[in-house]
Structures are given as C-alpha cells and as structure tokens.
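Input: one structure, supplied below.
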2 protein chains.
Amino acid sequence: MAGVSTPASIEELLDRMLDISGGLPKRLKQCADYVAANPDRIAVSTVAEMAEGAGVKPSAFMRFCQVLGFSGFSQMQRLFRETYAQNWPDYATRLEKLRESGAGSPSALLAEFIEAGRLSLENLAKTIDPRTLDAAIKTLSDAHMVHIIGLRRAFSVAAYFAYAFEKMNVPTMLHDTVGGLDSRHAIRPGDAVIAITFAPYTRETIELAEAARAGGAEVVAITDAIASPLRPITPLLLTVSEADFGDFRSLSATLSLAVALVVAVGARARAK
Amino acid sequence: MAGVSTPASIEELLDRMLDISGGLPKRLKQCADYVAANPDRIAVSTVAEMAEGAGVKPSAFMRFCQVLGFSGFSQMQRLFRETYAQNWPDYATRLEKLRESGAGSPSALLAEFIEAGRLSLENLAKTIDPRTLDAAIKTLSDAHMVHIIGLRRAFSVAAYFAYAFEKMNVPTMLHDTVGGLDSRHAIRPGDAVIAITFAPYTRETIELAEAARAGGAEVVAITDAIASPLRPITPLLLTVSEADFGDFRSLSATLSLAVALVVAVGARARAK
DNA sequence: GCTGCAATGGAATTTTTATTCCAATTGCGT
DNA sequence: ACGCAATTGGAATAAAAATTCCATTGCAGC
C-alpha cells in the first residue's frame, strides 16, 4: 500500500493535493475541493462532519486521506492539530537542560531568548483581535490625556509608551511610584488610562485602573492572561501572551503592540 | 445537579472561572490555571491531554468541566470548537490578512511592526559576536555594582535591566535624570556601567560613560551602529541594529539581548 | 447488451475517548 | 488523635468515532 510517503507539513499536503487532483474520481475530487476551501475545519471536525461538508460518505473521505499518503483521517488530523495549537517549547525543561550543561554558553542563551521573542511575535499576529484594537485606539485618541501605569516588569513598557506618545505630541502622563506620591487624582473624566500588568499582577496597577474607571475615565488594558484581574474593569482588553523562559518573559510582542498603538493613536489625533 | 446554567460563550465561561476560582480545591484550581493559560488547546485536545497538561487525572478535569456548568468535557469543547473555527490559519497567512485590512489601519500597522521585530531578532542572531558577549558578561558579573544609563528611547531598556538585575539579586543602580540630580559620583572603581544609546545619541549617556571610564569603571555599551560615539570609550560594544518602520524602531532585539545578558550574569554571579 | 474493473455506500468492527462510579486518601474541625 | 466530609485516583462502563470490509452500483471497452 503506502507507496507514497505521508506529508510532514500542511504545505506538503497541499502540494500533493494539487498534484493528484486532476486524475481523481468524482467523490475524492469533492473531498479535495472541500478541504482546500476549509482547511481550518479539519482540526476540529470528525470524519463524519468533513464527509458531510464535502457531500460524500465517511468511507469516501477516509479513502481520500489514504490517497494523500496518510494511514487514515486521524493521522491527517494530527498534522492540522499540531499546526493549530501554538507550540511553545517547554521552556522550563529547556532552561533546566541549559543549566545542567554548565550554565550553557551565553550565545546559546541568547538564541533561546531570540526564539522566545520570535514565537511571541507570531502568537501576537495570530491572536490579536482587530476590533478590540480599533476600539482601543479610538478611545485613546478621543481622550484629553493619556495616563500610563505599569510597574515592575511592565514599567519598561510604560516608559516606552510615555516616550513614544511624547514624540507624537499626544498629551501623556506616566504614573510611577517615585516619592510615594499618589497621582491618581490627576485622572479626570474624559481621560484614558493604559494599564499594563502581567502575572503576578501588580496591585497598584489594578487599583489605579479601578479608580480611573470609577472616576469616569476609560481604561485600555494590556495584560497576559484571559483571566487577568483587569478583565472585570474594562472591555478594552488587549492580551499578549509572551513565551517565558524561566522567570523571564520576553517583551517583544508587548512592545510591538505598544508601538503600533502609539502610531495609530498619533495619526488619528493629528488628523483631527 | 446542574443548578448552574451552562456558559453560552467563552466570555461567560471565563467570568465563571474567575468567580469560582478562589474557592476551588487544589486539582480543580490546577485545571482552571491551565485552561486560562492555554485556552486554544481545548479545541484540539482530548480530556486526557488536557488533564496531563494541567497535571491532574482525567476524572479531575472532567469534574472541572462540570463545576463550570457543562455536562462534560465534550460540551465544553464544542463551545471552543465553534468559536475558534474562524481563527487560526498559520502565521504567514494571518499576517497577510492583518496587512490587507487596509493601509494605515491599526491591524496593518501592527503587522508591520511585528515583521520589523522579527527581522530585528533574526539580525541579532546573525550579527552578535559571541566573544564580545562573553567578555561583557564576565565584566558585569565581576563588578561590585552594575550601573545602568539609558535615556529617552533607551530608557525602557534601562528600566528593564534594572528590574531584571534586581530580580536576580545583582546589585544595581538605575541612573536617571529625575530632579536634575547628578549621580555619576556613585560610580566607583570596580563597578561596571551598561550604557545604552541609539542615534540620535543622547549626550548625557555618553558623558556618564566617559566619566565612568575615567574613574576606573568598566563600560559595556549597547548601541546601534559601528560608528557609535560609545565606540572610543569601550571595547565591549554590543551592536544591535533594529529594523524600523517609519520613524519608529522596534526594541525587540535590544530587549532580548538585555534579558540574555541579565540571566547569564545572574547565573555567573550566583555561582561565585 | 454483456463483462470486468473502478468507484461507491452502507453496515460491521475496532479503536479511541468520554464519562461514571467507587474505594482510598487527604485534610479539617473537634 | 479521631471521625467526618471533601477530594482524589483509578478502574469499569458507555459513547462516539475511525476504520475496514463487502455488496452494490455505474461505466468503459468489447
């Protein structure tokens, strides 16, 4: 039987489909067309569902998978599921290994962090919701002033926001804890707040966001998990999941999001 | 049993998770955390896989689904399969889609910055000189104290250094210009300075680096061009060229370099 | 119009996966 | 330390899904 090798990637699979789709019997052609049109369904459907979608019987769809070089539907589905699920490497394990091998060379370490950044960026592209992004930008550019709060790890993101907004002439205030001063009363109705925090969430950031909301200001949240404590506070929730490496998290995706926000807001504000 | 209604959307589900996650037994809490961190996996995994990911037995995960208001795992999975069906082509396709959403639209802008970040990371991997990196790490981990100076755009990198070194218990001082105070006399022989600046170079950063060098401290420079004004000051020159989009430059590569430096220095310092 | 071969549909079978149930264990209040 | 209730792990059961097999259908060449 399997004179043909099983495709190792979705691209390979599509190539093979193109190759053979000319000389395919009617039902199998239907399968090919349906798969080509709805590749995203494969990962989450059963053979029965795929077959029905293609207008054929399950056994026909089954044969189609085999013609493609798979042992059956399950094997083909596995390929799609693996591609679909973000495959973060298991960094806990990797870091462990790196430590074992004599702390590893710094270049190897750097390579890992570069990889982590790359994955985070890819993931951002896949998960960002354009509508929320649009809404956040509208809110920020309509605000009289943009307040920024982000502490600890998120402080560097907050600092970048402050720098970049400043450069785009958007009125901005960076909230920090220098001198133990409480600056939350500077937030007024009609203003907007960008609150940035990642697990373990910083209490001060959340409190400031809550206070701002209560005082009639809009809040745009940048956070990591869907279960972030900022979620109850605002619908404008931009989630960025960064690959972390041990205790250290990449900030690549977060900063890319930041700069995109700033430029979009700056452009809109200027147009008015 | 089902005193609670079954969630009709992922938002509803997450709300409920938030509600109850406080008073949840250990294993069910593990499930909640795992689901919150990898919501995308649910659609394409079996209970057994999810349970393993959460570090619990399948029956525990099962109970978790029921606590959430579902009849079982299958019903919960159906919710995720339906809503995630539209998302998720691969990275390249997705990025293309974001770009197509109209030149100047926020999504398109974000796509450009993501791409810029990726290019920067790739470039960093190719151009970094392992020997300079090694030498920089050695210098920093031998220092009594690490001073950090970076202003304007580089300030967010400096802030990140300060945060991360602090977390690794490396004695650190972040130099800023708050209050117009001059803190350069805090730098003593045997200390090291990380100076970060990009074109157009910030005068204060360069002056501080010069002063430090004159006073007998080592300087590690993070900068963008070979012709950087920091070059005459120190041989420990880590150059990072970031891709830019418009006037805005990514910081992805610089931050990846920063975290790699910190972890390597932290590991070495601890080993002593 | 018959023959033989490829294609098809449907039913039977096997495998995988979800779900339930119960016994063992843990942790808590007394 | 004891008993009780809640929690947990594991095995048994039920359900669903994949896969195979075979009888039937359609179709090309003779």
Side-chain angles (χ1 to χ4, degrees), chain A residues 1-4 6-7 13 17 20-35 38-39 41-82 84-85, chain B residues 1-4 6-7 13 17 19-35 38 41-82 84-85:
Chain A
M1 186 169 276
V4 281
T6 85
L13 184 155
M17 263 179 47
I20 60 172
S21 68
L24 233 42
K26 188 161 150 235
R27 293 287 119 109
L28 301 204
K29 185 79 175 54
Q30 283 174 248
C31 294
D33 290 347
Y34 185 70
V35 167
N38 314 318
R41 295 245 171 106
I42 298 175
V44 294
S45 302
T46 64
V47 239
E49 285 162 352
M50 291 302 292
E52 186 181 347
V56 304
K57 294 284 148 184
S59 48
F61 199 90
M62 207 62 226
R63 254 173 273 128
F64 172 70
C65 298
Q66 286 163 352
V67 164
L68 249 30
F70 296 100
S71 71
F73 176 72
S74 297
Q75 199 183 67
M76 172 162 143
Q77 190 178 50
R78 195 165 321 138
L79 182 63
F80 280 82
R81 288 190 167 171
E82 275 160 16
Y84 178 109
Chain B
M1 180 168 282
V4 282
T6 85
L13 184 156
M17 263 179 48
D19 272 1
I20 60 173
S21 67
L24 234 43
K26 190 163 147 230
R27 293 285 117 106
L28 300 202
K29 186 77 175 52
Q30 282 174 250
C31 294
D33 290 347
Y34 185 71
V35 166
N38 316 335
R41 280 226 162 85
I42 299 175
V44 294
S45 301
T46 64
V47 242
E49 285 163 352
M50 291 301 293
E52 187 183 346
V56 304
K57 295 281 145 183
S59 48
F61 200 90
M62 206 63 224
R63 254 175 273 128
F64 173 70
C65 298
Q66 286 163 351
V67 165
L68 249 32
F70 296 101
S71 70
F73 176 73
S74 298
Q75 199 183 67
M76 173 163 143
Q77 189 177 52
R78 197 164 318 137
L79 184 62
F80 280 82
R81 288 192 167 170
E82 278 159 14
Y84 269 79

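The chains referred to below are lettered A, B, ... by the order of the sequence lines, with proteins before strands, and numbering in each begins at 1. Just so you know, these numbers come straight off a predicted model, no measurement behind them.
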B:Glu52 and B:Phe61, any side-chain heavy atoms less than 4.5 Å apart: no
Which residue lies toward the 5' end of DNA chain D, B:Lys57 or A:Gly72, if each is placed at its nearest nucleotide? B:Lys57
What is the separation between atom CZ on B:Phe73 and atom C1' on C:dT19, rounded to the nearest whole Å? 12 Å
Round to the nearest Å and state the distance from B:Gln75 atom CD to D:dA16 atom P. 13 Å
Looking only at side-chain atoms of B:Pro25, point me to the closest of C:dT19, D:dA18, D:dT7. D:dT7
How many whole angstroms separate atom CZ of A:Arg27 from atom C1' of D:dG26? 11 Å
Start with the C-alpha gap between B:Val56 and B:Leu28, add the side-chain angles, then the distance that decides, and say whether side chain to side chain contact (heavy atoms under 4.5 Å, CB included) holds. CA-CA 8 Å; B:Val56 304; B:Leu28 300 202; over 6 Å; no
Short side-chain donor-acceptor distance under 3.5 Å, B:Arg63 and B:Gln66: no
Take atom CZ of B:Phe64 and atom C1' of C:dA18, then tell me their distance rounded to the nearest Å. 17 Å
How many whole angstroms separate atom CZ of A:Arg63 from atom C1' of D:dC22? 12 Å
Please report the distance, rounded to the nearest Å, between CZ in A:Arg81 and P in D:dA17. 11 Å
Whether the side chain of A:Glu49 engages the backbone of A:Thr46 through a donor-acceptor N/O pair (distance < 3.5 Å, no angle test) should be reported. yes
How do A:Leu24 and B:Lys26 order along DNA chain C: which one's closest nucleotide is nearer the 5' end? A:Leu24
Can you tell me how far P of C:dA18 sits from CE of B:Met76, to the nearest Å? 12 Å
Rounding to a whole Å, what distance do you find between B:Leu28:CG and D:dT8:C1'? 10 Å
Between B:Ser59 and D:dT8, is there a contact of a side-chain N or O with OP1 or OP2 at under 4.0 Å? no
Closest to the A:Thr46 side chain: C:dT20, D:dA17, D:dT19? D:dA17
At under 4.0 Å, does any side-chain N or O of B:Ser74 touch on OP1 or OP2 of C:dT19? yes
State whether the side chain of B:Gln75 and the backbone N or O of B:Gly72 hold a donor-acceptor pair below 3.5 Å, judged by distance alone. no
